[in-house]
There are 4 protein chains.
Amino acid sequence: MARPKSDDKRNALLLAAEQVFAERGLAAAPTSAISKQAGVAEGTLFTYFRTKDELVNALYRSIKLELADALMAQFPRRGPVRHRLEYLWNAFVDWGVANPQRLNVLDQLSVADIVTEESKAVGYEPFAEIEALALHSIKTEILQAYPCEFIAANMKALAETTMGFMNAYPDEAGRYRQIGFDVFWNGVARDKA
Amino acid sequence: MARPKSDDKRNALLLAAEQVFAERGLAAAPTSAISKQAGVAEGTLFTYFRTKDELVNALYRSIKLELADALMAQFPRRGPVRHRLEYLWNAFVDWGVANPQRLNVLDQLSVADIVTEESKAVGYEPFAEIEALALHSIKTEILQAYPCEFIAANMKALAETTMGFMNAYPDEAGRYRQIGFDVFWNGVARDKA
Amino acid sequence: MARPKSDDKRNALLLAAEQVFAERGLAAAPTSAISKQAGVAEGTLFTYFRTKDELVNALYRSIKLELADALMAQFPRRGPVRHRLEYLWNAFVDWGVANPQRLNVLDQLSVADIVTEESKAVGYEPFAEIEALALHSIKTEILQAYPCEFIAANMKALAETTMGFMNAYPDEAGRYRQIGFDVFWNGVARDKA
Amino acid sequence: MARPKSDDKRNALLLAAEQVFAERGLAAAPTSAISKQAGVAEGTLFTYFRTKDELVNALYRSIKLELADALMAQFPRRGPVRHRLEYLWNAFVDWGVANPQRLNVLDQLSVADIVTEESKAVGYEPFAEIEALALHSIKTEILQAYPCEFIAANMKALAETTMGFMNAYPDEAGRYRQIGFDVFWNGVARDKA
DNA sequence: TATGAATGAGTCTTCATTCAT
DNA sequence: CATGAATGAAGACTCATTCAT
């Protein structure tokens, strides 16, 4: 499809949606509030996204993509396994702490049934790539013989938990980031560090 | 009393709410669908719960209570720490797999802002007892010197991840239950098993 | 129709209706509020009045009847015309000031279309009698040659206006009662007093 | 602007509200009936008036304004007091007889507690001007030494009574208009005409 | 007869979406 | 393409009335 005139407007709408969802909750967020926050007319939203659901799904993908980029942009392709995993961990956790609103919305979207399976698949794609890249090069070496996706899922779960504590106790954010990773590493590595 | 308010009907409404929330999502669940599913008139819902929010909060508390009971009813007060933690793990995970719908709704409610802080506090109460009982007796012995709530939160996160895999791969449910616990235990225990 | 058991309850309901209408306005007065105020169950109201409309009409008649009684109980059958009219005036106005709530409700009911024409006729009956008694014995003497009901209607209108001022400025209630009557008398009498 | 808000539609809604209130009573007038009568969709009403209350208040003000205009447009600024008062009387009474529905609704609104004090104040404004103009120039001359507002209130009360008779007996409307004014004038003037 | 839970039509209002300007 | 008024299908909640107890 030919893109509508302004990418700026599209981005403004996505950003506005994120803000409104974070403030009022996904359920109670009318499109009118989103377009207002974005500084465009109510009808304009629908020239960029055919329906509200489409906007929500686009937002989900956009956040997922940005997150994937945060993880991969500087990912070290070489070096000790522990270092590389810790790099991923820190990149993930730092992103979440730097973008609490975005993380919050991502949480909401992840349980909302508006997000289609297709979007979830698309959103997962870059992570599959990351995992493939990171874990595959690693598995045989020193991690437990668990399914690759299981390890990744656990990492994600522990990282999100850790973010929660980092946000709740900013003074000890550094410590939580560290012990969070320790829990993960000790949980899945064959030998303790 | 003319016709006393029936506990059956109240429970039917809670159950119906759970089903409808699971099917259509918390956001898109009209009270009319709930009363219909419960087999009562639309108005009847409001003689048992003054508002929709009140119903949602009651449901949250009810699920939390049931879950607490599933964990605590047979909880072994003595014995090796590992055993007792594994008991909790299995009880939680088995409950979640046996009640996927209920767990799903609990997840939705946990991020919904309809659930009040008070409800969250009430819902947390029985778990505080678990934590006190389980973790306090443990901390000094063989677990890492992490904040008690951090360990609990990690346990919950890993357990929910594990449940996801148990549901996705029923044939290997037993194995996932086991390795899930291993990840947790190795992550937080001072010495590997 | 055979009267239900308790006249007390019937009166309690009428009184309660009056209070609730005065407080919340005729429009926003649910029957449940009335029965609660009367100290009976919601259903009980409907054993004394088949419908809400019937209750409203009964209340209208009851107030009208009480008012008529206030006017006629001690009405002087003899004496100078001016005195007797002034007696009526004072009785009316004093009743309204003593029962502002009842007067307020009467005003609401008078414009509400729930009150049937029949009720209005019935409510007017005693006043017709009063007028007949008072004015007929008077007309030919010293009042203007206006239709009897026109004079009565003017008297009522002026009296209600006067009551408004008496309620608004209680310190000058006596004065308003007096000048109100003067306006009426000078308006309809053939010669100024 | 896309489609500007149309004054026609706004007026249609006010007129429709007036008709529906007159027919069914203020209490039993759903907004759906109003929008239907106005020939617009149910939702449209709420783009012109945020709430039903706002519509009601706007209607009150609009009627009051129209009435004020009917009285003042041609009001004679000079001439004998009696003439000028009679002009006002006739203008008021003629307006009421020509717009019985509007007058009826005004009466309903005047006792309804939906109409705010602010609206009442605004609605009274033009009449204050009338009073100032008419009565102030008069008080010292030939009227009784009554409070200005008391005279005005009596005038209104008598006028509405008169209108009732004019409507009830159209054949004698002219006569009632005359004798109504006579009652008023004789009631408040220092000397009989 | 008294009670109050049960009923469901009806109320005001919101909101995603369309379309005239 | 941008605008925002128009639309009408829901949605949460109320309430007069019924009826099981």
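When reading the values below, keep in mind they use all heavy atoms of this one structure, side chains included, and skip hydrogens, waters and symmetry mates.
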Worksheet item: When Watson-Crick pairs (N1 to N3 and N6-O4 or O6-N4) and G-U wobble pairs (N1-O2 and O6-N3) count only below 3.5 Å on both distances, what is the dot-bracket string of DNA chain F, with | for other-strand pairs?
Response: .||||||||||||||||||||
Item to complete: Pull out every residue in residues 7-33 of chain B that has a heavy atom closer than 4.0 Å to any atom of DNA chain F, ordered by number, or say none.
Response: A29(B), P30(B), T31(B)
Worksheet item: Which ones in residues 34-53 of chain B lie close to DNA chain E, meaning a heavy atom under 4.0 Å from one of its atoms?
Response: V40(B), A41(B), G43(B), T44(B), T47(B), Y48(B)
Discussion item. Just verifying a value: how many Å separate E66(A) CD and S62(A) OG, rounded to the nearest 0.5 Å?
Written reply: 6.5 Å
Discussion item. Side chain to side chain contact (heavy atoms under 4.5 Å, CB included), that's the test. Do F46(C) and T31(C) meet it? Break it down for me.
Written reply: CA-CA 9 Å; F46(C) 293 91; T31(C) 53; 4.1 Å; yes
Fill in: Full working for side chain to side chain contact (heavy atoms under 4.5 Å, CB included) between F21(A) and L59(A)
CA-CA 11 Å; F21(A) 290 159; L59(A) 178 59; 3.6 Å; yes
Worksheet entry | Nearest-angstrom distance from the residue atom CG of L55(D) to P of dC12(E) | 10 Å
Fill in: From OG (S35(C)) to NZ (K9(C)), nearest 0.5 Å
12.0 Å
Item to complete: Can you establish whether the number of heavy atoms outside K120(A) located under 6.0 Å from its atom NZ is more than 12?
Response: yes
Practice prompt. Could you walk me through whether E18(C) and E23(C) pass side chain to side chain contact (heavy atoms under 4.5 Å, CB included), step by step?
Written response: CA-CA 9 Å; E18(C) 181 190 311; E23(C) 274 165 32; over 6 Å; no
Worksheet item: Under 6.0 Å from the six-membered ring centre of Y124(B) and within 45° of its axis: does the NZ or CZ of K64(B) meet both?
Response: no
Worksheet item: Could you give the NZ-to-C1' distance, from K5(D) to dA20(E), as a whole number of Å?
Response: 17 Å
Fill in: Pair T47(A), T44(A): side-chain N/O donor-acceptor within cut-off below 3.5 Å
no
